[in-house]
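Keep in mind the model is a prediction, meaning the values are calculated, not measured. In the text below, chain A, chain B and the rest are named by the order of the sequence lines, each starting its count at 1.
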2 protein chains.
Amino acid sequence: MATIKDVAKLAGVAVSTASYALNNVNKVSPATMKKVQEAARELNYMKNGFASDLKRTKTNTIALILKDLSGPFYSELIKGVQEVTIRNGYDLIACSSVGGAQSTAVKFLKEKRVDGAIILAHNISDDIILESAREGFPIVVLDRKIEHPFVFGVEVDNFHGGYLATEHLIEKGHREIAFVSGPIDSHDNAMRFEGYQEALNHHGIPYQSKWKVFGDFTREGGYRATKMLIAQRDLPQAFFYANDEMAIGGLQALKENKISVPNDISIIGYDDIQLSEYVSPPLTTIRQPKYEVGALAVHVVFQALSKEKMEQYYKLSTELISRNSVKHT
Amino acid sequence: MATIKDVAKLAGVAVSTASYALNNVNKVSPATMKKVQEAARELNYMKNGFASDLKRTKTNTIALILKDLSGPFYSELIKGVQEVTIRNGYDLIACSSVGGAQSTAVKFLKEKRVDGAIILAHNISDDIILESAREGFPIVVLDRKIEHPFVFGVEVDNFHGGYLATEHLIEKGHREIAFVSGPIDSHDNAMRFEGYQEALNHHGIPYQSKWKVFGDFTREGGYRATKMLIAQRDLPQAFFYANDEMAIGGLQALKENKISVPNDISIIGYDDIQLSEYVSPPLTTIRQPKYEVGALAVHVVFQALSKEKMEQYYKLSTELISRNSVKHT
DNA sequence: CTGTTAGCGCCTTCAC
DNA sequence: GTGAAGGCGCTAACAG
């Protein structure tokens, strides 16, 4: 690799001059400028990004940390993040947190390889975030609440979403409503569950723990949870799945047992992923403003970076999307 | 930010000792080890990743460059890349090429911020790749062919896939088969088209240019292309869409015009994206071994990095997935 | 085992 | 407008 030194030598100038010329600092004569640029081209010179970042103690890039880069769920969110990042002249890299403490994500968090981060990955511990955030390195978390002057939160109102979903089911005449839960360590899941309980409560329906089953946010999990309830021959009138993936798994289980949705049983999901519209029957669900979450999150990062005073915590609202998996009355 | 110097000072040792201790180099007594670690904890020390990369001239991370981070298509591919990368103790970052020459992707390519790259983004020009690849920085391209000692190719056999799809349609009794093309600058698309022509040819069916329409690889494009043909009131017996997204758009157009698939017309897609299975009718399509492509691509990067002698070019095969969008005869 | 020291490649005062 | 020199934070000889 050619370095700036080589370029300077070939062009017959000092390194500093070469640096100025290469960075278009208005300090060098057109003639030398040209000489340097030609030398650079000839040597196929490329600057070493690290060296310059090191010197400037600033990377101009922010990281988006996801549990799993390959999930279809994130699509819209990423788009929001990406657009705003680029519009601000920053670079965006995405990295995954698989591998926990050894993951790429943690490395980026701890080793000052980016200027800020957005996290949606509940396998990254609070501790790591707490340790990493600091002045000049703001972190925004999308799936939890952390008290720290340099960590901010952007969240959708999962409590209200859970409430909405449950109330919708109640309004359609259902009283025995199962809640298919995601992982217990998920804050989002917990809030949805609380919304569910509150709606039950508000409508005078006692909460019964037998109607809470676990599905782990995966399709497979939703399938199994549903099968289990079917096997017990004690079905509720409706299912509220804490996310769409599980609902789709549940749909499958129901179909295999010739239980018709929504005639025999109503189901509702959460997230409004793309598939939900295509599944049969199309899934009634709670839509989250994913794009907005992403866009706002980056926005917050930039605000923090420019040391503006601001809220620590933002909450976006959800919306019920009514399709055909809930009985019409 | 505390630096290693501060840690050394606080622990009362030399920087080198601190460095050794922090990196678990088997060279330092348990006592000093402990002292250093405590000092580090107390100062909330975090190493500066750049500085260490700079020194070692090696980053231990590879980049996956995609046209659009938010596309659902890449899911499986990313998984393949990710698993192999991690298994080799490397880090993976994904970045997008939106923005062309100013994109994050190009920056990473040119500025030696990673040790190798995998590219699936046809808006990155061949020139940039040619300029960037070099000894110690191998690049694997997934969507084109480039001659360069340090760029390698992994491709699925799109020619054969196109042939397979077309032949399937022909075997089901269709002779007038439209080809809904993706963007002209897409190499993948071109190969699929050639496969289509070859199959026609092989079965003695003359190719007619009126049956080639453009859909741009988007759902909207497939919808419009299909509408156009419908408006001309001169429909083929079957459609071969160069990807599933377009096929799904086409399905929509057909449905709106009360043209039944597969009774009135047969359609086949390409890619086997997740949605294809759920659409109605489920889409017959060509499956690409996406996971394998990803896994193989990283594998090639590592081989190149370890200077093994190897092929420049790999080709994986495709498979027909028969569902219900083609007439059964 | 521990300390001293020379850079990695680049940017940026500071003199000229 | 240009050049010399210091240093960003870290690693890895090398010497003790």
Side-chain angles (χ1 to χ4, degrees), chain A residues 1-37 39-40 43-61 107-108 110-115 132 134 136-137, chain B residues 1-37 39-40 43-61 107-108 110-115 132 134 136-137:
Chain A
M1 279 313 301
T3 75
I4 198 171
K5 248 184 183 157
D6 303 318
V7 176
K9 197 187 298 171
L10 182 64
V13 298
V15 224
S16 58
T17 311
S19 173
Y20 287 138
L22 261 8
N23 291 301
N24 283 313
V25 178
N26 176 31
K27 234 183 176 188
V28 52
S29 70
T32 18
M33 191 90 182
K34 192 151 161 258
K35 258 195 317 198
V36 173
Q37 281 168 347
L43 294 170
N44 190 22
Y45 165 76
M46 298 188 192
K47 89 151 130 188
N48 181 318
F50 294 139
S52 92
D53 287 344
L54 173 59
K55 184 66 196 179
R56 299 200 316 238
T57 58
K58 168 165 193 326
T59 68
N60 234 266
T61 111
K107 176 165 154 187
F108 271 75
K110 304 186 85 159
E111 298 186 359
K112 174 74 192 127
R113 294 186 126 88
V114 287
D115 292 346
S132 307
R134 66 194 114 84
F137 188 61
Chain B
M1 279 313 302
T3 74
I4 198 172
K5 247 184 184 157
D6 302 318
V7 175
K9 197 187 297 170
L10 181 64
V13 299
V15 256
S16 61
T17 310
S19 173
Y20 290 136
L22 262 7
N23 292 303
N24 283 313
V25 178
N26 175 30
K27 233 185 176 191
V28 52
S29 71
T32 14
M33 191 90 183
K34 193 151 160 260
K35 260 196 315 196
V36 173
Q37 280 168 347
L43 293 170
N44 190 22
Y45 165 76
M46 297 189 192
K47 90 151 124 188
N48 182 319
F50 293 139
S52 100
D53 286 344
L54 173 59
K55 180 67 193 181
R56 299 200 316 238
T57 58
K58 169 164 191 330
T59 66
N60 234 266
T61 112
K107 177 166 153 187
F108 270 76
K110 303 186 86 157
E111 298 186 359
K112 174 73 191 128
R113 294 185 126 87
V114 287
D115 292 346
S132 306
R134 65 195 116 84
F137 188 60

Looking across every strand, which nucleic acid part, if any, lies under 4.0 Å from [X] by heavy atom: base, sugar-phosphate, or nothing?
X       : result
A:Ser19 : base
B:Val13 : sugar-phosphate
A:Tyr20 : base
B:Asn23 : sugar-phosphate

Does [X] have a side-chain nitrogen or oxygen under 4.0 Å from the phosphate oxygens OP1 or OP2 of [N]?
X       : N     : result
B:Thr57 : C:dG9 : no
A:Ser29 : D:dT2 : yes
B:Ser52 : D:dG9 : no

Please give, in whole Å, the distance from [N] [atom2] to [X] [atom1]?
X        : N      : atom1 : atom2 : result
A:Arg113 : D:dC10 : CZ    : C1'   : 12 Å
A:Asn26  : D:dG1  : CG    : P     : 7 Å
A:Lys35  : D:dT2  : NZ    : P     : 8 Å
A:Lys47  : D:dC8  : NZ    : P     : 20 Å
A:Leu54  : D:dT11 : CG    : C1'   : 13 Å
B:Ile4   : D:dA12 : CD1   : P     : 11 Å
A:Phe50  : D:dT11 : CZ    : C1'   : 15 Å

- Message: I want to confirm an ordering. Mapping A:Thr17 and B:Gly49 to their closest nucleotides on DNA chain D, which one lands closer to the 5' end?
- Response: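 Final value for this comparison: A:Thr17.
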
- Query: Step by step, would you call B:Thr59 with A:Phe50 a side-chain contact (heavy atoms from CB on, under 4.5 Å)?
  - Reply: CA-CA 10 Å; B:Thr59 66; A:Phe50 294 139; 3.0 Å; yes

- Spell out, as yes or no, whether a donor-acceptor pair under 3.5 Å connects the side chain of A:Arg134 to the backbone of A:Ser132.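 A pair under 3.5 Å: yes.
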
- Item | 5' priority, DNA chain C, between B:Arg56 and B:Gly12 [closest heavy atom] |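 Nearer the 5' end of the strand: B:Gly12.
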
- Base C:dG7 to side chain B:Lys55, donor-acceptor N/O within 3.5 Å cut-off: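 It does, because a donor-acceptor pair links the side chain of B:Lys55 to the base of C:dG7 below 3.5 Å.
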
- Message: I'd like to know if B:Ser16 reaches the base of C:dT4 with its side chain, counting only an N/O donor and acceptor under 3.5 Å.
- Response: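 Indeed, a donor on one side and an acceptor on the other fall under 3.5 Å apart.
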
- Within a radius of less than 6.0 Å around NZ of A:Lys58, do more than 12 heavy atoms belonging to other residues, nucleotides or ligands occur?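 Above 12, so yes.
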
- Query: Shortest non-hydrogen contact from B:Ala40 to B:Leu22?
  - Reply: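 Closest approach of B:Ala40 to B:Leu22: CB-CD1, 4.2 Å.
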
- Item | Reported NZ-to-NZ distance for the pair B:Lys47 and A:Lys107, which is rounded to 0.5 angstrom |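 Going from NZ on B:Lys47 over to NZ on A:Lys107, the span is 8.0 Å.
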
